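Remarks on the structure that follows.
Keep in mind that this is a model prediction, so the values were computed, not measured.
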Amino acid sequence: LDGDLSRDGESTTISLAAWRTQTSQDAQSVTGAPAAVFVSGTDFHLSAGSPERNAGRASLGSETAPAVDLAGTTRPLGSAIDLGAFEFVE
């Protein structure tokens, strides 16, 4: 069930929106088809059309986001930090 969350093999599911309403958690979470998010199923760099681009936060509470991604690329390159392990590089 695309976009729904489950922890029991999809016997019961909940949408991300309903989860947010019930728990007040995951305000920065997004769902989407992997092809629209990542370059490929084994390459977790963001694609050009990914909704995760410029969707992150520089800090949460007292924790600051890393200044570089896993490849050593300075963050952010756009208007905000990209979600995920890698900053999108054009």
- Query: Considering residues at least two apart in sequence or located in another chain, which fulfil the side chain to side chain contact (heavy atoms under 4.5 Å, CB included) criterion with A18?
  - Reply: I14, S15, Q22
- What pairs meet the salt bridge (charged side-chain N to carboxylate O under 4.0 Å, His left out) rule with one or both residues in residues 11-23, with sequence neighbours excluded? none
- Smallest separation among heavy atoms of A80 and N54, with atom names: O-OD1, 3.0 Å
- Note on the structure: With sequence neighbours left out, the residues meeting ring pair (Phe, Tyr, Trp, His ring centres under 6.0 Å) with F88 are none
- Task: Provide the closest heavy-atom pair for L83 versus L46 in the form atom of the first, atom of the second, distance.
- Result: O-CD1, 3.7 Å
- Query: Other than V89, what residues sit in its cluster of Ile, Leu, Val, Met, Phe, Trp and Tyr side chains whose heavy atoms are under 4.5 Å apart, directly or through others?
  - Reply: L77
- Can you name the residues that form a side chain to side chain donor-acceptor pair (under 3.5 Å) with D8, not counting sequence neighbours? S6, T12
- For the student: nearest non-hydrogen atoms of F44 and F86, plus distance: O-CD1, 3.7 Å
- Item | Path from L70 to V68 over hydrophobic side-chain contacts below 4.5 Å | no
- Message: Going by salt bridge (charged side-chain N to carboxylate O under 4.0 Å, His left out), name the pairs with one or both residues in residues 68-90, residues two or more places apart or in two chains.
- Response: R53-E90, R75-E87
- Can you name the side chain to side chain contact (heavy atoms under 4.5 Å, CB included) partners of T23, sequence neighbours left out? W19, Q25
- Going from CD1 on I81 to OG1 on T74, what distance comes out if it is rounded to the nearest 0.5 angstrom? 11.0 Å
